[in-house]
There are 2 protein chains.
Amino acid sequence: MDKTDKTGGVPVPTVADVAAAAGVSTATVSRCLNSPGVVSEKTLKKVLEAVDRLGYAPNFSARALASNRTNMIGAIIPTMENAIFARGLQAFQEELQKNGRTLLVASSSYRSDLEEEQIRALTARGADALLLIGYHRDSRLYEFLEKRRIPYVVAWAYDPAKPHLSVGFNNRAAMRQLADEVIGKGHRKLACISADTAENDRARERVNGIRDAMEAAGLDPASLDIIETSYAIDAGDAAFRALVGAKTPPTAVICGNDVLAVGALRAALALGMNVPEDVSITGFDNIELAGLAPVPLTTVHVPHRRMGQFAAQALLAALGGTPPPHSTELPAELCLRATLARAPAG
Amino acid sequence: MDKTDKTGGVPVPTVADVAAAAGVSTATVSRCLNSPGVVSEKTLKKVLEAVDRLGYAPNFSARALASNRTNMIGAIIPTMENAIFARGLQAFQEELQKNGRTLLVASSSYRSDLEEEQIRALTARGADALLLIGYHRDSRLYEFLEKRRIPYVVAWAYDPAKPHLSVGFNNRAAMRQLADEVIGKGHRKLACISADTAENDRARERVNGIRDAMEAAGLDPASLDIIETSYAIDAGDAAFRALVGAKTPPTAVICGNDVLAVGALRAALALGMNVPEDVSITGFDNIELAGLAPVPLTTVHVPHRRMGQFAAQALLAALGGTPPPHSTELPAELCLRATLARAPAG
DNA sequence: TTGTAAGCGTTATCAC
DNA sequence: GTGATAACGCTTACAA
């Protein structure tokens with residue numbers, strides 16, 4: 001009953017072969033592999049021996065078709081180029097691997113239209129569950145996932161008001177904390193370099209956090225200069241130059257992530273400015289780069305690995321029938337280094 | 001014929017539903033989707049309309065089972081935490097996504113036993129083709145892939161003597177070029193911080209490149225101090241401290257990658273040494289960190305995105321029946337920055 | 001150009 | 001505890 005695959009490959013054994021070799025039915029073989037507890041000691045041994053001898057490995061497509069689960073879990077992330085996502089994804093994958101699941105990856109390039117496409121693509125591919133980044137997406141998509149009973153977890157964000165299972169931190173509160181610190185150093189004229197806030201709720205919430213801090217300190221939130229740009233070092237560089245070229249340049253530039261901040265820092269140094277004496281710069285994420293920049297970056301530490309790991313565990317629980325954990329807020333902590341100092345006098 | 005999925009989800013339409021709705025057979029529906037050229041204009045229209053109306057999406061498990069291909073391509077990489085692999089993988093994934101394929105990811109943590117496990121796991125999961133990093137692996141694995149007729153491409157390395165389809169650069173020659181440069185600056189006492197060379201052929205070849213350069217310059221390759229360690233900043237830091245603590249400390253420390261080099265640089269600065277006046281340090285990879293380090297790093301630029309992209313194209317060609325491209329060597333170029341200078345006198 | 005029907009390799013439902 | 005056998009949803013000869 002061996003089958004040569006159509007490309008002319010080597011014959012690959014099937015359950016039928018194992019059944020024949022062990023002198024049992026295919027049903028029994030299947031049982032031995034899936035619920036060993038329910039077969040007799042000796043048939044189990046006989047079958048496993050045959051499995052071993054033939055080098056049998058179940059065909060996953062067939063198994064998926066028959067059991068209606070693929071044991072694959074999808075992740076749709078903006079990009080793997082950002083070290084934060086890459087590491088979170090790595091942790092996520094390790095946890096899945098440990099539990100016999102395989103990771104399916106797609107990227108949205110920070111675009112919600114592409115994200116939607118990928119969500120549909122991965123579910124069509126049979127992903128049993130999904131990891132999503134951030135809350136912002138059309139409600140149709142959430143409905144789609146609910147209807148299809150596909151468990152998902154939103155990571156990189158945490159908002160108790162949202163109905164979705166999620167793991168992350170409060171982007172707004174974290175940034176607020178950092179902005180409080182900045183304002184506490186006497187800075188009154190603030191600027192911000194952010195990613196596009198329209199489609200990126202993490203970016204939006206971070207900007208809101210800055211405004212919260214300004215308001216609380218009696219500053220006019222409307223006075224915050226914002227430049228929205230892509231997440232790239234060169235973009236941060238260019239945005240910084242634009243900001244300091246203004247009539248009343250900021251004394252502190254708060255960046256939406258470390259990549260932008262490093263770009264801003266590079267621009268500042270290139271312009272001959274001293275950091276933090278002439279201008280303070282802050283980042284967000286605490287990627288490795290942050291601690292190793294020419295002037296070590298003040299930033300917010302994000303628990304990327306723990307988010308990835310927790311997300312995996314949550315989905316595995318949901319799939320296993322165990323009640324999945326509640327949404328969980330992980331701490332994002334201030335990471336004070338050298339790029340933030342008191343505002344220059346005057 | 002709608003089917004409610006077993007978890008109580010919403011009914012999901014099948015070919016039979018579409019066939020019924022369009023008043024054709026299931027075979028015709030399948031043809032409309034897979035080889036639209038072979039059906040009549042009007043049936044095509046009728047069927048697609050039905051597909052659309054019902055929101056039909058083919059079940060991939062069933063399709064995979066019937067057609068013996070999953071349209072999934074696997075990648076087994078040491079880790080996504082290394083920016084170089086993350087970016088190469090991102091490029092690889094983008095190219096696959098563009099061609100309707102999905103990426104399956106597994107990581108080996110730089111361990112060949114785990115890599116073998118993952119290769120078997122991903123092929124068992126039905127990966128149509130595989131991306132592998134480096135040549136070093138048991139020949140049984142290569143035989144396994146050949147026997148199963150599973151196309152694979154070796155990336156991050158290029159050796160014309162090897163029989164495998166590959167895309168990458170000559171690690172040995174690239175490092176030799178860098179070492180030539182180092183020796184050309186008058187350095188005679190060299191040291192090297194490398195990843196484990198036993199299971200990592202890229203690391204091994206890089207060390208060999210250093211030895212080649214030494215030999216060519218009349219230096220004794222055996223005089224090269226080597227510390228093998230893991231790829232981490234702290235590891236580079238510790239290794240550097242060990243090296244400069246020796247009776248005859250090196251004037252140049254050549255590191256196996258940028259992460260190690262940045263760690264070494266950090267240690268040097270922490271020890272109060274001037275770089276490159278007191279000691280030269282070089283890296284490999286040219287990750288973003290390299291150009292932004294406290295002292296910009298002299299390193300070797302690796303074409304990560306192009307490797308990922310090429311690898312994807314090669315596998316797609318192999319799967320499509322098109323003759324896959326030949327193994328291709330991409331240039332890895334010297335990237336001279338500030339951490340390399342003439343050896344201190346004496 | 002279209003339809004019929006036989007797989008694809010499992011799992012799962014029944015009887016026994 | 002085990003064995004027949006019917007799904008699972010699609011692709012693909014082969015016929016018409």
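Predicted, not measured: the structure shown is a model, and the values here were computed from it. To find a chain, count down the sequence lines: A is the first, B the second, and so on, and within it residues start at 1.
- Rounded to an integer number of Å, the gap from B:Phe60 CZ to D:dC8 C1' is 17 Å.
- Atom CG in A:Asn68 sits roughly 16 Å away from atom C1' in C:dG9 (whole-Å rounding).
- For the OP1/OP2 pair of D:dT11 and a distance below 4.0 Å, the side-chain nitrogens and oxygens of B:Thr26 include no atom meeting the criterion.
- Geometric assessment of B:Arg306 against the ring of B:Phe310 yields a negative cation-pi assignment under the 6.0 Å and 45° thresholds.
- Between B:Glu116 and B:Arg140 there is a salt bridge, with a side-chain nitrogen of the basic residue lying less than 4.0 Å from a carboxylate oxygen of the acidic one.
- Nucleotide D:dG1 holds its C1' atom 12 Å from the NZ atom of A:Lys42, rounded to whole Å.
- Looking at which nucleotide of DNA chain C each of A:Arg31 and B:Gly23 is closest to, the 5′-most match is held by B:Gly23.
- Taking atom CZ of A:Arg63 as the reference point, atom P of D:dG9 lies 18 Å away to the nearest angstrom.
- The structure places NZ of A:Lys45 at 11.0 Å from OG of A:Ser40, a figure rounded to the nearest 0.5 Å.
- Residue A:Ser25 places at least one side-chain N or O closer than 4.0 Å to OP1 or OP2 of D:dG3.
- Listed nucleotides: C:dG3, D:dT2, C:dT10. Nearest to the side chain of B:Val24: C:dG3.
- Taking atom CG of residue A:Leu44 and atom C1' of nucleotide D:dT2, one finds them 14 Å apart after rounding to whole Å.
- Taking the six-membered ring for Trp and thresholds of 30 and 60 degrees, B:His164 and B:Tyr142 have nearly parallel ring planes, at less than 30 degrees apart.
- Looking at heavy-atom distances under 4.0 Å, B:Val29 makes no contact with the nucleic acid at all.
- The shortest distance between the side-chain N/O atoms of A:Thr28 and the OP1/OP2 oxygens of D:dG3 is below 4.0 Å.
- Going from atom CG of B:Leu65 over to atom P of C:dC8 covers 9 Å, rounded to whole Å.
- Between D:dC10, D:dT2, C:dT11, one nucleotide has an atom nearer to the side chain of A:Ser67 than all others, and that is C:dT11.
- One atom, CZ of A:Arg69, and another, P of D:dC8, lie 18 Å apart when rounded to the nearest Å.
- Rounded to whole Å, the distance from CD on B:Glu41 to P on C:dT2 is 11 Å.
- Among the atoms of the strands shown, only primed sugar atoms or phosphate atoms (P, OP1, OP2) are found under 4.0 Å from some heavy atom of B:Thr43.
- Closest to the B:Ala27 side chain, of the nucleotides D:dT11, D:dT5, C:dG3, is C:dG3.
- Nucleotides of DNA chain D nearest to B:Asn34 and A:Ala62 differ in position, and the one nearer the 5' end is that of A:Ala62.
- Residue contacts shown for B:Ser30 include a base, since a base heavy atom lies under 4.0 Å away.
- Of the listed residues (A:Gln97, A:Lys98, A:Gln90), just one forms a side chain to side chain donor-acceptor pair (under 3.5 Å) with A:Glu94, and that residue is A:Gln90.
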